[in-house]
Amino acid sequence: MKRRDFIKLSLTTSLGAVAPLSLLDTLAPGAAHASGNANATKTPTVCNMCFWKCAGFVQQTDNTLWKITGNDADLHCQGRLCTRGTGGIGAYTDPDRLTSPLLRVEENGRQTFKPVSWDQALNFIVERLNRIKENHGADRIAMFSHGDGASHFRHLLRAFGADSDSHPSYAQCRGPRDMGFQLTFGEGVGSPDRTDMANARCIVLIGSHIGENLHNGQVQTFTRAIEQGATIITVDPRFSVAASKSRYWLPIKPGTDIALLLAWMHVLIGEQLYDRDYVTAHTRGFAELQQYIRPYTPEWAYTETGIDPDTIRATAREMGKAAPASLVHPGRHVTWYGDDTQRSRAIAIINALLGSWGREGGFYIPERVGLPQYPTPPYPQARSSWRDFTHAKYPLAHHAVTNTLLDASRGDDAHYKGWFVYGTNLPTTMPGIREQLKQAVDQQELVVVIDVQPAEITGYADVILPECSYLERYDSLRDSPERQPSLALTMPAITPRGDSKPGWWIAKQLGERLGLGAYFPWNDYSEVLDWQLKQVGSSLQEMQAVGHKAFPRKTARYFADDEPRIFPTPSGKIELYSSTLKDNGFDPLPTYTRPTAVPSGFYRLNYGRVAAHTFGRTQNNPLLYELAPENVVWINPLIATEFKLRSGDYVRLKNPDGIISNRVRVRVTERVRPDSVYLPHGFGHTAKGLRLAHGKGADDAALMTRPAIDPIMGGTGMRTNVVTILTEGV
Ligand SMILES: Nc1nc2c(c(=O)[nH]1)N[C@H]1C(S)=C(S)[C@@H](COP(=O)(O)OP(=O)(O)OC[C@H]3O[C@@H](n4cnc5c(=O)[nH]c(N)nc54)[C@H](O)[C@@H]3O)O[C@H]1N2
Ligand SMILES: Nc1nc2c(c(=O)[nH]1)N[C@H]1C(S)=C(S)[C@@H](COP(=O)(O)OP(=O)(O)OC[C@H]3O[C@@H](n4cnc5c(=O)[nH]c(N)nc54)[C@H](O)[C@@H]3O)O[C@H]1N2
Ligand code: SF4
Ligand SMILES: [Mo]
């Protein structure tokens, strides 16, 4: 008998209505352009509907939220919000929200969640935390989190003596890219991605489906590049929105991008199209690279990728001609086939050959304001940390790999004894771990989930703590590394619904009950913000009026051509050849591995984003639900004919391990290759409390039972999975 049964939370409904959808049509104009309402008050906010963090204003009349608009001064959005940003009001109105702390109890032999007071919930957690500390040590608490709001709980746990926080945005998203760029340039790409697309004359997208991937400022700079006549080259097996805006679309055979990248290097070097001065001044390992890429001709790559040699040469020449205002976009979600760090290295190397790193139209040097931390006592030394588990397997990883903390939470000798989960829906976010998740949760003496809605992860909790939405709370100031340093404020526009509370309040309450009050020496988080702002010559009062404030840069945005530079790599140069990889037993130059063949009768499971939703977090938002209630699976006409399917028909997808999806509608389209199907991520919710989203569409994550793990940094490669199509009885 499991200690915990998985409980599908079920709460009580009604719907709202909303806005239109369609590259720039999906971005609504900002405050200055929008139709006005003289009585509306405007409260600054930073959109939390995804992690691009656009600054905006919440407009309201009579304590009723009216609309959210972009802040014209902010470069993340330039006054426009995307569909999800304007739909943020639904994050407040969603009737299925969590509004009370919930405690797992046993009633009549059945486990269920019971609403309890904050006192009861907090005391329960404190009692368990103290017990874990006494029996095992304070370091035995792991945290899984996504988003800035987690900072309050990281602070709490560090003060308590635990240093084991991990985010899916590393091992399930950007990790391989940041590792590939770090190894090459000594620095990662960061967020917002430091691409200077607005000034680029040639942009290559490897996958990056900008337009469906709706990172606002990025969509705008990409659009500007197109308007200014930049050459766009999109490499994608699917005819994406970005592909439709491109001069060249390269419908590559899935999983073969490294072959294409090697052939591009072959042409760039062979035809002397690379930036010789830059390469001579700043890089190390060119001779090894030149020797290495000799066999990787476009003709060789053709047999791997299906892209004809003339196109490979023509596109390499376009890239070379535009250099250094020429970039290969590093991508963002890059955990694809398990060889992802090597693919990201190949992308980084091409950018080095083009001389685009640190150059106008390539990659700018980001700068942040660098707010000081509010003074609190130093943290105690944690007896163990995430490093013990992540570095044991992946010594080069810069951040905790979620999977390594999960593994250290399983089995009779599980190291971790308690979990905090903040803002991440692990069952749908970490493919291939559902059984391990149950095992790990079973070993925990305490599982706290802090969320805004009854998502799947809440069913694994002992205690569910309802955070209020970003529209109802102060949160940390946005201080991102970017083109122009700036700060942006999140503050409450309206009183929290029900008994939901801001994260800072929850963390402070727990801190005080644990005897850690010295780490929370303020009454209200606004005091922390005011103190921080005053250190940089602003104040909370100023920010409450303007919402966003730009600061002058202290350093140059681009490299000066004649200046020697020291890169933060071991050699001080851009490392085309990576001795670090070699010393750790990996290939020092990017190697191509042919992807495993798709078995007959199966199709590669491809996935991506839809404009109206963020991951799996917005499907139950009543406004966004109206726009896109379910996903559809894209199927090539050849396959549709074989299965006698038409657009709109329902099918189920089945993977080789027998997992069968919910029924999902078909979209028959030439835009996908016949060797794959495309299923947007985030749908097919199984949590009953998400009454709108429950059962709507199919869940890609459930079908991903065979991910490929990146041996260099532990990333979860998700595109190795295959499915077959079921048409009977759906
Ligand atoms: N609307 C919306 N926008 C978002 C998000 C969201 O949830 N909703 N999430 C944000 C986040 S966190 C991230 S990380 C990004 C993710 O967005 P991206 O970084 O753009 O993600 P990718 O995986 O590069 O893009 C998916 C594309 O890769 C293509 N693809 C599949 N297999 C291959 C292959 O083998 N080779 C090549 N070259 N292409 C392939 C797919 O067909 C698809 O078009 O989006 C961000 N923007
Ligand atoms: N199968 C598959 N897996 C993927 C991806 C994929 O495309 N397919 N994409 C990967 C990528 S690129 C990323 S970045 C990750 C994203 O991974 P996650 O961020 O875990 O994705 P979500 O499903 O949006 O889960 C977010 C959770 O946070 C909660 N939440 C939302 N707002 C708040 C808030 O203000 N406070 C609190 N406390 N909670 C909040 C939501 O209710 C939800 O439970 O997923 C990765 N995993
Ligand atoms: S890109 Fe859209 S969802 Fe993301 S922060 Fe900006 S407005 Fe919000
Ligand atoms: Mo991501």
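For ligands, and for the atoms within them, numbers begin at 1 and follow the listed sequence.
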[X] versus ligand 1: do any nitrogen or oxygen atoms come within less than 3.5 Å of each other?
X	answer
Ala612	no
Asn213	yes
Val235	yes
Tyr678	no
Ser208	yes

Is the shortest side-chain heavy-atom distance between [X] and [Y] below 4.5 Å?
X	Y	result
Leu260	Val235	yes
Thr402	Tyr170	no
Thr315	Cys202	no
Asp178	His399	no
His76	His548	no
Pro622	Thr93	yes

Is there a donor-acceptor pair closer than 3.5 Å between any side-chain N or O of [X] and the backbone N or O of [Y]?
X	Y	answer
Trp336	His333	yes
Asn631	Ala698	yes
Thr720	Arg706	yes
Asn606	Gly608	no
Gln220	Leu75	no
Arg177	Gly190	yes

Checking a contact table here: which protein heavy atom is nearest [atom], and how many Å away?
atom	value
atom 22 (P) of ligand 1	His333 O, 3.7 Å
atom 6 (Fe) of ligand 3	Cys54 SG, 2.3 Å
atom 12 (S) of ligand 1	Phe615 CZ, 3.2 Å
atom 42 (O) of ligand 1	Asp236 OD1, 2.7 Å
atom 4 (Fe) of ligand 3	Cys50 SG, 2.3 Å
atom 9 (N) of ligand 1	Arg609 NE, 3.2 Å
atom 3 (N) of ligand 1	Leu214 N, 2.8 Å

(message) Students often mix this up, so state it plainly: with edges at 30° and 60°, are the rings of Phe615 and His146 parallel, tilted or perpendicular?
(response) tilted

Have a look at [options] and point out the one with the heavy atom closest to [atom].
atom	options	result
atom 28 (O) of ligand 1	Arg617, Arg719, Gln218, Arg238	Arg719
atom 36 (N) of ligand 1	Leu605, Val241, Thr234, Asp257	Asp257
atom 11 (C) of ligand 1	Arg671, Arg604, His215	His215
atom 14 (S) of ligand 1	Ser169, Ser191, Cys173	Cys173

(request) Give the numbers and elements of all ligand 1 atoms closer than 4.0 Å to a heavy atom of Arg332. (result)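 The list of qualifying atoms is 14 (S), 19 (O).
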
(request) Please could you name the atoms of ligand 1 that Thr614 approaches to less than 4.0 Å, counting only its heavy atoms? (result)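 Going through ligand 1 atom by atom, the ones under 4.0 Å from Thr614 are 6 (C), 7 (O), 8 (N).
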
Within ligand 3, which atoms have a heavy atom of [X] less than 4.0 Å away?
X	answer
Cys47	3 (S), 5 (S), 7 (S), 8 (Fe)
Cys82	1 (S), 2 (Fe), 3 (S), 7 (S)
Asn216	1 (S), 6 (Fe)
Leu214	1 (S)

(message) Just to be sure I read this right, does ligand 3 sit under 4.0 Å from the backbone of His76, its side chain, both, or neither, counting only heavy atoms?
(response)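 The answer is neither.
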
4.0 Å heavy-atom contact, [X] with ligand 1:
X	result
Lys253	no
Pro237	yes
Phe51	no
Trp336	yes

Check [X] against ligand 1 and report side chain, backbone, both or neither, counting heavy atoms closer than 4.0 Å.
X	answer
Tyr337	side chain
His209	both
Glu212	backbone
Ala611	backbone
His613	backbone
Val610	backbone

(message) What I want to find out is whether Glu482 reaches Lys53 closely enough, with some N-O distance under 4.0 Å, to be called a salt bridge.
(response) no

(message) Heavy-atom count check: over 12 atoms from other residues, nucleotides or ligands less than 6.0 Å from Phe51 CZ?
(response) yes

(request) Report the distance from atom CZ of Arg368 to atom CG of Asp479, rounding to the nearest 0.5 Å. (result)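 It comes to 5.0 Å.
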
(request) Given salt bridge (Lys or Arg N to Asp or Glu O under 4.0 Å), test Glu304 with Lys253 step by step and report yes or no. (result) CA-CA 8 Å; Glu304 298 299 324; Lys253 189 169 163 205; over 6 Å; no

(message) Which residue is it: Arg194, Glu187, Met197? I am looking for the one with a side chain to side chain contact (heavy atoms under 4.5 Å, CB included) to Phe363.
(response) Arg194

(message) Side chains of Ser486 and Arg478: any donor to acceptor distance under 3.5 Å?
(response) yes

